[in-house]
Amino acid sequence: MALETVTSVEHLRSAVADARSANRTIGFIPTMGALHAGHLSLIEAARRNGDFTIVSIFVNPTQFGPGDDFDRYPRTLDADRAICDAAAAQVLFVPQHEDVYPKGDQTRVRPGPLADGLCGPFRPGHFEGVCTVVAKLFGLVQPDVAYFGQKDAQQVAIIRRMVLDLRMPLRIEACPIVREPDGLALSSRNAYLEPDQRRRSLCLYQALTTGRDMLRAGESVNDAVAAMRERLERTSGVSVDYVSVVDPDSLDPVTDTKSRLMVAGAIRIGSCRLIDNVLMDLSVDRE
Ligand code: PAF
């Protein structure tokens, strides 16, 4: 079945109703476009699950802060459509602004303490914007399963909590981070990197894997964090938002090593902000 590009809520609802009457589960991949192999892996996960697969593209203004990159966020609809088509998604939903934020819109979904750490303090209001738009998109699409990339681990944790707290009838599936061969996590924002910045951006993954290896070797959390910070700070032109070892569920920083951990960091290079994380389970992968 060829990809259908849907730009109205009525058209979306009738496509979803047809899929439901054919007993299909609805798999949903919300995106802001500028699709890459990371998004492709989410579409493939939905297809593997046998879902009627809907991808949305909406560059959501409420999750960008005043100095953020809303205006220059890459908008590549034709290329995105080709990716969705090649990956055999059934629907590409491209809502209009008013479909998501109707005239007079007032309601916001405010996340709890999961949004307080990691990226939270550096992007005030960001996760409220994410929760609000994702709740609206879930209301529009009414999926059975929604697929997100583990690169945005804090976003995934917050959305899982929102789904639980607001009793939304769907399952959240987190898919592994897709990386370039040298380790850089794929992100639509990588397009902002000049060749020299692209080379230096690797310090983030290198720092996180250094931290992971130290923890695996039995070194302390403090020493791992110090070594990661040192690795980042000695890279010219890089400023560090944070580097941290946290519990992967609560996202609380840990001071003592425990079995499941997430090593996470965020840096800025030029005008580009990059995040990444590495999950570890010391009960199975201690050296
Ligand atoms: O991860 C993203 O691309 C966005 O935060 C999302 C989930 C599509 C909401 O705008």
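Order of listing sets the numbers, starting from 1, for every ligand and every atom in it. Reckoned from all heavy atoms, side chains included, excluding hydrogens, waters and symmetry mates. Bear in mind the structure is a predicted one, so any value in this text is a computation, not a measurement.
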Verify the neighbour count for atom CZ of R75: are there more than 12 heavy atoms of other residues, nucleotides or ligands below 6.0 Å?
->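 Count over threshold, so yes.
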Compute the shortest N/O to N/O distance between Q63 and ligand 1 and return yes if it is under 3.5 Å, no if not.
->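 N/O-N/O distance under 3.5 Å: yes.
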Would you check if V55 and R81 make a side-chain contact, meaning some heavy-atom pair closer than 4.5 Å?
->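 The answer is no; the side chains never approach within 4.5 Å.
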Do D144 and D51 come within less than 4.5 Å of each other through their side chains, counting heavy atoms only?
->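 Of all side-chain heavy-atom pairs linking D51 with D144, none is under 4.5 Å.
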Check L137 against ligand 1 and report side chain, backbone, both or neither, counting heavy atoms closer than 4.0 Å.
-> neither
Among all protein heavy atoms, pick the one closest to atom 2 (C) of ligand 1 and tell me residue, atom and distance.
-> Q155 NE2, 3.9 Å
cation_pi(R160, F148) dist<6.0 Å, angle<=45 | no
The side chain to side chain contact (heavy atoms under 4.5 Å, CB included) partner of L282 among R216, R212, R260 is R216
Show which atoms of ligand 1 fall inside a sub-4.0 Å distance from at least one heavy-atom site of V133.
-> 9 (C), 10 (O)
Atoms in ligand 1 flagged as close to P30, the criterion being non-hydrogen separation under 4.0 Å = 8 (C)
